[in-house]
Protein chains: 2
Amino acid sequence: MKKSIPTLKAMAEQLGLSISTVSRALNNHPDISSETRKRVQALASEVNYIPNIFAKGFRAHKTNILGVVVPNITHYFTTTLIRGILEEASLRGYRVIVSESNNDVVKQTEMLNTMIQFGVDGVLMSISKMTRDIDSILKVMHTLPLVLLDKASNKIPCTQVVINEEEAAYNAVEHLINIGKKRIAIIKETQFSYNSEKRFAGYLRALKDYNLPIDEKIILTVEDISLTQGEQMTNILMSLKEKPDAIFAITDGAAIGAIKTLKKHKVKIPEDIAVVGFSNSLNSTIIEPQLTTVDQPGQKIGATAVKYLIQEIDNPNVELINKTIEVRSNLIIRDSTLSIK
Amino acid sequence: MKKSIPTLKAMAEQLGLSISTVSRALNNHPDISSETRKRVQALASEVNYIPNIFAKGFRAHKTNILGVVVPNITHYFTTTLIRGILEEASLRGYRVIVSESNNDVVKQTEMLNTMIQFGVDGVLMSISKMTRDIDSILKVMHTLPLVLLDKASNKIPCTQVVINEEEAAYNAVEHLINIGKKRIAIIKETQFSYNSEKRFAGYLRALKDYNLPIDEKIILTVEDISLTQGEQMTNILMSLKEKPDAIFAITDGAAIGAIKTLKKHKVKIPEDIAVVGFSNSLNSTIIEPQLTTVDQPGQKIGATAVKYLIQEIDNPNVELINKTIEVRSNLIIRDSTLSIK
DNA sequence: AATTTGCACGCAAACGTTTGCGAAAACGAT
DNA sequence: ATCGTTTTCGCAAACGTTTGCGTGCAAATT
């Protein structure tokens with residue numbers, strides 16, 4: 001289990017050159033003749049020279065590692081974000097350290113501090129919706145470039161890459177209105193959830209634009225949305241005197257839960273009550289009827305966020321411009337809202 | 001965007017001590033008095049001293065980073081492996097770099113080499129089922145500790161953490177036999193897929209133990225198993241003169257595909273044809289009827305693999321013992337095979 | 001011929017931390 | 001008071017790479 005890694009020193013000795021010349025030749029420095037450069041690079045290739053990252057990082061304070069902090073790694077959409085990040089980072093010569101906060105704010109802070117310790121060049125984060133106090137995040141921003149993705153915040157002055165949440169929700173609700181639905185319920189999270197607030201705003205705007213009344217009794221709020229919560233909230237809707245004729249759930253999981261409950265109540269979907277979800281998870285084609293849902297391009301969001309982060313890393317003296325980049329999503333119409341006119 | 005990190009030198013100046021004394025005090029070296037140690041550690045805490053990882057790694061050649069290479073990060077089971085790895089690694093003071101090979105052998109080799117470059121202390125890998133030539137893996141083993149998990153290989157002499165694949169499959173097929181099924185089909189992958197081969201062996205052994213005939217016409221093999229392949233293979237089974245009365249698919253995805261096809265054929269599940277999957281993915285409770293499946297404890301496998309890898313890292317001069325550690329899985333019985341006797 | 005310029009290299013220092021070894025002071029025994 | 005041992009610190013080197021600056025040599029310019 002020996003680590004017998006070739007060094008600049010060994011190669012310099014073999015070539016009869018100085019260590020600094022070998023270093024410069026490998027880094028295509030203009031001071032080195034092309035003949036010397038070729039000799040050095042040929043030997044480096046022959047002995048499979050790999051630079052010692054500790055020595056390089058120690059000298060240059062740059063690791064080409066990006067830190068990623070996500071709330072929950074097993075969530076499918078998150079895995080698509082990560083895949084986009086991994087691929088784009090790889091294309092640009094970066095590696096990625098992934099951390100999971102479990103939507104725990106203390107752990108999130110801990111992960112951020114550990115990223116600093118590990119000398120990552122920048123951090124990509126999808127913040128926990130439990131985040132109330134942003135001091136720890138602001139502290140990181142004094143030290144490292146930070147880009148938020150998916151779950152963002154209006155209070156954190158950094159670049160954020162998200163989908164067009166409000167517009168996507170607007171389109172989903174508009175689609176329900178277009179198929180004749182007039183009493184559209186929503187299952188959402190609290191105002192502390194960035195995604196939920198934006199989707200709720202789109203819902204409200206669509207109702208307003210189409211002159212549909214807003215009824216608080218069909219606006220259902222949960223703390224931590226899940227399939228089970230979708231089931232339960234739909235049970236509540238089923239117990240109302242005046243039932244909704246559509247349900248817009250802000251996640252696919254909750255929408256699937258809603259479908260399960262509707263089927264238990266022998267409700268015809270979408271004739272009696274239509275259902276729309278959000279995310280286009282794998283489950284959306286497995287449940288029956290197949291779910292109409294907003295498709296979120298997770299890989300594209302991840303890749304875009306990497307581009308912006310690396311741009312910040314490469315331009316450390318440029319004044320921060322706090323951009324919110326909205327990547328477009330699209331509505332995928334399936335059986336749960338198939339037009340019945 | 002300044003990195004103003006406290007150094008040993010700055011603290012030594014403030015305390016009127018040498019750099020080496022401060023270093024030793026922080027590392028609880030026995031040569032340093034307890035009074036001096038307390039003074040140093042108090043200041044380190046006050047200024048939030050964080051050691052420069054490059055300097056430490058440069059000196060000690062240890063990063064406390066583990067490399068992880070998986071075929072496909074969006075696969076749910078893989079995310080549970082990764083979660084187990086992340087949590088156990090964190091408990092033991094390690095960070096994790098995650099890479100995805102996309103089941104591409106060239107990319108897998110590339111990821112392994114990059115892990116070496118990044119100075120990880122060890123590598124955890126779920127190998128691509130496309131792996132035929134193990135030279136690149138053997139090469140890594142000369143340099144770094146390696147532990148395989150989930151997808152293993154009999155040809156690679158290293159520690160492997162897997163579930164009891166054959167036993168689990170045996171139990172699944174036995175359960176089908178116990179509910180009266182006599183003609184059990186299998187949808188599997190080629191012999192190059194470690195998991196498929198083990199599950200197939202369990203299937204064959206159960207048939208043999210219960211004196212059921214083996215019929216090649218209901219042993220269906222695909223290259224890269226998926227939900228769609230499950231649908232297609234089940235269509236083939238439906239076209240047989242003598243149909244099976246049960247289907248054991250080696251992944252949940254294929255089992256769900258089988259259920260979808262059976263439903264299209266108006267087959268009663270499980271009365272006419274029962275279905276068993278493997279993995280206990282999220283989808284297994286969303287499809288109807290809910291799927292009987294083998295529950296794989298991904299987090300436990302991940303955590304166990306980390307333990308063994310760190311053991312190897314901590315004992316570099318101990319001769320390698322090539323263990324295969326089998327973590328127990330269990331069968332979760334749901335509607336797709338509910339006993340009908 | 002003397003001076004200047006350009007090319008192509010090498011020396012040495014720096015980066016932050018760890019550790020071998022030596023030195024000085026303190027302590028205990030005689 | 002002297003000697004041997006123990007305690008507790010500091011000096012200096014090492015780890016591999018990068019880079020500022022200096023040097024030698026050859027060619028061009030004055």
Side-chain angles (χ1 to χ4, degrees), chain A residues 2-41 43-44 47-65 93 116-121 143 316, chain B residues 2-41 43-44 47-65 93 116-121 143 316:
Chain A
K2 300 272 179 87
K3 294 195 183 181
S4 53
I5 300 186
T7 60
L8 287 187
K9 184 181 179 185
M11 289 205 294
E13 277 166 8
Q14 195 168 337
L15 292 161
L17 298 169
S18 74
I19 296 173
S20 64
T21 298
V22 176
S23 176
R24 288 193 173 98
L26 289 178
N27 289 297
N28 298 307
H29 196 284
D31 280 358
I32 307 297
S33 72
S34 74
E35 182 190 335
T36 300
R37 193 182 67 239
K38 283 173 188 161
R39 285 177 61 213
V40 171
Q41 297 189 354
L43 181 62
V47 303
N48 194 33
Y49 169 75
I50 298 176
N52 184 311
I53 188 173
F54 312 118
K56 280 178 79 90
F58 184 21
R59 173 72 199 187
H61 284 264
K62 193 169 194 307
T63 60
N64 281 35
I65 300 181
I116 296 174
Q117 184 184 4
F118 272 81
V120 297
D121 296 336
T143 308
Chain B
K2 298 274 180 84
K3 294 193 184 181
S4 53
I5 299 185
T7 61
L8 288 187
K9 184 180 176 185
M11 291 205 296
E13 276 167 9
Q14 195 167 338
L15 292 161
L17 298 168
S18 75
I19 296 173
S20 64
T21 299
V22 175
S23 175
R24 288 194 174 99
L26 290 179
N27 290 296
N28 299 305
H29 196 285
D31 280 357
I32 306 297
S33 71
S34 75
E35 182 190 332
T36 299
R37 191 182 69 240
K38 282 173 188 161
R39 285 178 60 212
V40 171
Q41 299 191 351
L43 181 62
V47 304
N48 193 32
Y49 171 75
I50 298 177
N52 184 312
I53 188 173
F54 313 115
K56 281 179 79 90
F58 184 22
R59 174 74 199 188
H61 284 265
K62 194 168 191 310
T63 61
N64 281 33
I65 301 181
I116 297 174
Q117 183 183 5
F118 272 82
V120 297
D121 296 337
T143 307

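In what follows, chains are A, B, ... by sequence order, proteins preceding strands, each numbered from 1.
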Engineer: Could you go through the side-chain contact (heavy atoms from CB on, under 4.5 Å) check for B:Arg37 and B:Leu26 one step at a time?
Structural biologist: CA-CA 7 Å; B:Arg37 191 182 69 240; B:Leu26 290 179; over 6 Å; no
Engineer: So, taking the atom named CD in B:Gln14 and the one named CZ in B:Arg39, what distance separates them when rounded to the nearest 0.5 Å?
Structural biologist: 10.0 Å
Engineer: List for me each residue that meets side chain to side chain contact (heavy atoms under 4.5 Å, CB included) alongside B:Thr36, sequence neighbours excluded, and say none if there are none.
Structural biologist: B:Leu17, B:Thr21, B:Ile32, B:Ser33, B:Val40
Engineer: With a non-hydrogen cut-off below 4.0 angstrom, is A:Asn52 in contact with a base, only sugar-phosphate, or nothing?
Structural biologist: sugar-phosphate
Engineer: May I ask you to list the residues of residues 14-28 of chain B, by number, that have any heavy atom positioned under 4.0 Å from an atom of DNA chain D?
Structural biologist: B:Gly16, B:Leu17, B:Ser18, B:Ser20, B:Thr21, B:Arg24
Engineer: Please compare B:His29 and A:Pro30 by the position of their nearest nucleotide in DNA chain C and report the one closer to 5'.
Structural biologist: A:Pro30
Engineer: Quick one: how far along DNA chain D does chain B reach, first to last nucleotide 5' to 3', anything under 4.0 Å to a heavy atom?
Structural biologist: D:dT8 to D:dG16
Engineer: Could you walk me through whether A:Tyr49 and A:Leu43 satisfy the side-chain contact (heavy atoms from CB on, under 4.5 Å) test, starting with their C-alpha distance in whole Å, then the side-chain angles of each, then the deciding distance to 0.1 Å, before giving a yes or no?
Structural biologist: CA-CA 8 Å; A:Tyr49 169 75; A:Leu43 181 62; over 6 Å; no
Engineer: Do A:Met11 and A:Ile19 pass the side-chain contact (heavy atoms from CB on, under 4.5 Å) test, and can you show the C-alpha distance, the side-chain angles, and the key distance before you say yes or no?
Structural biologist: CA-CA 8 Å; A:Met11 289 205 294; A:Ile19 296 173; over 6 Å; no
Engineer: For B:Ala55 and B:Thr36, take the nucleotide of DNA chain D holding the closest heavy atom to each; which residue's nucleotide lies nearer the 5' end?
Structural biologist: B:Thr36
Engineer: How about B:Phe58 and A:Phe58: are their ring centres within less than 6.0 Å of each other?
Structural biologist: yes
Engineer: Are the side chains of A:Lys62 and A:Asn64 in contact, using a 4.5 Å heavy-atom criterion?
Structural biologist: yes
Engineer: Could you grab the distance from atom CZ of A:Arg24 to atom OG of A:Ser18, nearest 0.5 Å is fine?
Structural biologist: 7.5 Å
